[in-house]
Structure formats: C-alpha cells, structure tokens
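For reference, positions follow the sequence shown, starting with 1.
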Amino acid sequence: MTLALLALHLLLVGVLLPRRLAGSPRLQARPALGAAVWLALMASFGTGLLLAAHHLVAPLGHEPAGLVGLLPHLEPAVAPHAHDWWAAAAAGGAVAAVTAVLAVRAALARRRHRETLDLVATRDRARRLLVLEDPRPAVYCLPGRRPRVVATRGAVDLLDERGLAAAVAHEHGHLRGRHHLVLLAADTFALLLGRLPLARLGRAEVALLLEMAADDAALARVTPGELAGALCALATAGAGTGPAGLAAASTGVLARVRRLARTPAPPARAYRLAALAAPLLPYLLACAPHP
C-alpha cells in the first residue's frame, strides 16, 4: 500500500501537475511564489523517489493506517538501519556534487567575464552599469560577490533613456533576488531528471517566473509601458543573453509583455500551502503510526 501511494504521488507530481501548472496565470501573478512552488514540487519528487526506492529494497513490516492514522504521532514504520543512512547520504552526495559542479562552472565563467569587463568596459555611474563596446544589443547581469549590470553599446544606442532605465532596473531585480541561486536548483534537477515533465517544464517555468519577478522589481522605477517597450525593442533587435543566463530580453518576452498589459490574476492561497507542504507529503505517505 505504501509503495502504491508513493508511486501515485510520483506520477502526480512528476507528470500530471507540471502539465497542469505550466503557464498558470495564478502562479505568474506572484512569480516568486510560483518559482517556490515549482522548487517544492521538485523537492517533493526527489524525496518520494528516495522513499520509494527504500521501500522496494526494505518493505514495511506493516501497512500505514492512512493519513488519519498519522495524526497522533508520526514515525517511520521501520527503524532506519545503517545501510539506509548510507544510501540516503550517497543520494544526497550525488545531488550536492552535481550542484557544486554547476555552481563552480558558472562562477568561473562569471569571474572570467568580470575580469574582461573590468579591462574593456566603461563604468556609467549615473546609470549604475558598465557599458561594453559591442554593437549587438544586450542588457544582462553578472551575479556573485561583486555583481555587475552590463549594457552593450548596441543596447544604449537602441533604447531611449527610460527604456534603458527599465532594462537596468530589471537586472538589479535579478541581483537583489539572487535569482541565479534559484535557477541553480532548477538546473540541478533538470540535469538529473531531464526527461521527466517536472524537470523539463519546471526548469523552463522557473526561468520564466524569475524574469517576471525581475519585471515586478523594475516596476518600482518605471511604468509597465516603458518596460514592455524596452523588452520588445531588445527582443526585436535580437538581444542575446549574458554568461549568467539572466538577460532582460532572453526568456519569454511575449508572455511577459502580455502579463504587463493585463490585470494580474489573484494567486490561489493553496499555492502558499503547497510550497510549504509538498516536500513533506512523501514522508507522510511513507509513515505509519507507532503501534
């Protein structure tokens, strides 16, 4: 019974829910919360997968009494053995290793690019950015301990003053929100389980929602029309992305412009609960009351 519940949970979280939630206006209404929901689903799937593997190797000695039976006191139905801890540690170590490799690779790329920028770019203190002499239009940020916001000469020439301010404010929104760390978690999950709908759709949705969150941060300084105009101008001109993958017009421009033009849908309160409870649900399904 426990294994069947976990399998149903994996099917729901890994396949069915992602297809239902992708492009949800309610998640886009609060994009930071929306990204948290996707990451919670990824954590929930990972926990459920580990527990399902454990129950295949070491089946429960007795069946759980259902969620009602869990209410008095929650304990694993079988006391963990030493090999269980080693298996969990090995799985956690694999995830940590993949995350570390991705993080180090990105950090090295950002450092090399930052060193180049310090040599060839011109600092514009009034606009809070570095100007890179490149005719290709792009506005992007380099997160990290010494963050940078960069605009190419092509972008400076393309955008008017308010449009450039909108693009720069968008990038500062990425930096303040530390969005590169959120994207790192989604990248790790996608690398490990890339064919799973939750991994494939989740990574794309997290990237889009982070762009929308940065758009919202920019709206404290510019109007929706100014931001939408800057996004359209950069996208039409073929703006590229920076080394960090966080550029003003690199992801979902059409969806973001449409969002800026409409009244946002109110987010469902259930999403806040989902972000908190989803990682715990597999453990509840795999527990039984202590006899």
Side-chain angles (χ1 to χ4, degrees), residues 23 25 27-32 34-35 110 113-114 116-118 120-144 146-180 182-183 204-265:
L27 288 182
Q28 293 177 1
R30 297 292 184 273
R110 289 195 298 265
H113 192 72
R114 187 184 302 115
T116 302
L117 286 173
D118 290 344
V120 302
T122 303
R123 183 173 297 277
D124 188 332
R125 297 188 182 277
R127 293 167 170 162
R128 299 190 301 161
L129 57 81
L130 295 175
V131 179
L132 181 63
E133 295 299 329
D134 189 326
R136 296 169 296 180
V139 182
Y140 61 93
C141 66
L142 285 175
R146 293 186 296 161
R148 304 281 194 278
V149 173
V150 183
T152 63
R153 179 60 61 186
V156 174
D157 293 341
L158 174 69
L159 301 173
D160 61 20
E161 199 62 35
R162 294 300 296 169
L164 184 59
V168 170
H170 171 95
E171 297 307 320
H172 281 290
H174 277 313
L175 295 176
R176 286 194 300 272
R178 301 186 182 277
H179 291 167
H180 64 294
V182 181
L183 199 58
E205 287 294 309
V206 168
L208 176 60
L209 289 166
L210 292 178
E211 293 298 330
M212 291 178 174
D215 288 342
D216 288 349
L219 294 180
R221 294 181 174 271
V222 298
T223 67
E226 290 168 340
L227 178 57
L231 293 176
C232 290
L234 288 169
T236 303
T241 182
L246 297 172
S250 64
T251 303
V253 171
L254 182 58
R256 291 158 59 195
V257 170
R258 287 176 174 171
R259 175 178 177 268
L260 290 169
R262 67 173 182 257
T263 303

A.B. asks: Atom OH in Y140, atom CG in L130: separation rounded to 0.5 Å?
C.D. replies: 8.5 Å
A.B. asks: Got a second to check how far L209's CG is from D215's CG, nearest 0.5 Å?
C.D. replies: 11.0 Å
A.B. asks: Run the side-chain contact (heavy atoms from CB on, under 4.5 Å) test against A204 and tell me which residues pass, sequence neighbours left out.
C.D. replies: none
A.B. asks: Report the residues that fulfil side-chain contact (heavy atoms from CB on, under 4.5 Å) with R162, sequence neighbours left out, ordered by chain and then residue number.
C.D. replies: D160, V222, E226
A.B. asks: So which atom in A151 and which in L164 form the shortest heavy-atom distance, rounded to 0.1 Å?
C.D. replies: CB-CD1, 4.3 Å
A.B. asks: Are the side chain of R148 and the backbone N or O of R146 linked by a donor-acceptor pair below 3.5 Å?
C.D. replies: yes
A.B. asks: Please name all residues satisfying salt bridge (Lys or Arg N to Asp or Glu O under 4.0 Å) with R258, sequence neighbours left out, ordered by chain then number.
C.D. replies: none
A.B. asks: Pairs in or reaching into residues 168-177: which pass salt bridge (Lys or Arg N to Asp or Glu O under 4.0 Å), with residues at least two apart or in two chains?
C.D. replies: none
A.B. asks: Please name the pair of heavy atoms, one in R259 and one in A29, separated by the smallest distance, quoted to 0.1 Å.
C.D. replies: NH2-O, 4.0 Å
A.B. asks: Checking the side chain of R256 only, and the main-chain atoms of T251 only, is there a donor and an acceptor separated by less than 3.5 Å?
C.D. replies: yes
A.B. asks: Starting at NE2 of H172, measure out to CZ of R128 and round the result to the nearest 0.5 Å.
C.D. replies: 4.0 Å
A.B. asks: Would you please name every residue forming a salt bridge (Lys or Arg N to Asp or Glu O under 4.0 Å) with R114, sequence neighbours left out?
C.D. replies: none
A.B. asks: Not counting sequence neighbours, which residues clear side-chain hydrogen bond (donor to acceptor under 3.5 Å, both in side chains) with R136? List them please.
C.D. replies: D134
A.B. asks: Taking only residues two or more places apart in sequence or in another chain, which ones pass side-chain hydrogen bond (donor to acceptor under 3.5 Å, both in side chains) with R262?
C.D. replies: Q28
A.B. asks: Identify, with sequence neighbours excluded, every residue that meets side-chain contact (heavy atoms from CB on, under 4.5 Å) alongside A167.
C.D. replies: V139, L159, L234, A248
A.B. asks: How close do T152 and P137 get, heavy atom to heavy atom, and via which atoms?
C.D. replies: OG1-CA, 3.4 Å
A.B. asks: Which residues pass the ring-ring contact (aromatic ring centres under 6.0 Å, His included) test with H174, sequence neighbours left out?
C.D. replies: H170, H179
A.B. asks: Rounded to the nearest 0.5 Å, what separates atom CZ in R30 from atom CG in D216?
C.D. replies: 8.5 Å
A.B. asks: List the atom of G173, the atom of A214, and the distance in Å for their closest heavy-atom pair.
C.D. replies: C-CB, 4.4 Å
A.B. asks: Give the minimum heavy-atom separation between D124 and V131, together with the two atoms involved.
C.D. replies: CB-CG2, 4.2 Å
A.B. asks: Excluding sequence neighbours, so at least two apart, what forms side-chain hydrogen bond (donor to acceptor under 3.5 Å, both in side chains) with R153?
C.D. replies: E133
A.B. asks: Contact between R110 and P143 at the side-chain level, heavy atoms closer than 4.5 Å - yes or no?
C.D. replies: yes
A.B. asks: Drop me the distance from L117's CG to H113's NE2, to the nearest 0.5 angstrom.
C.D. replies: 4.0 Å
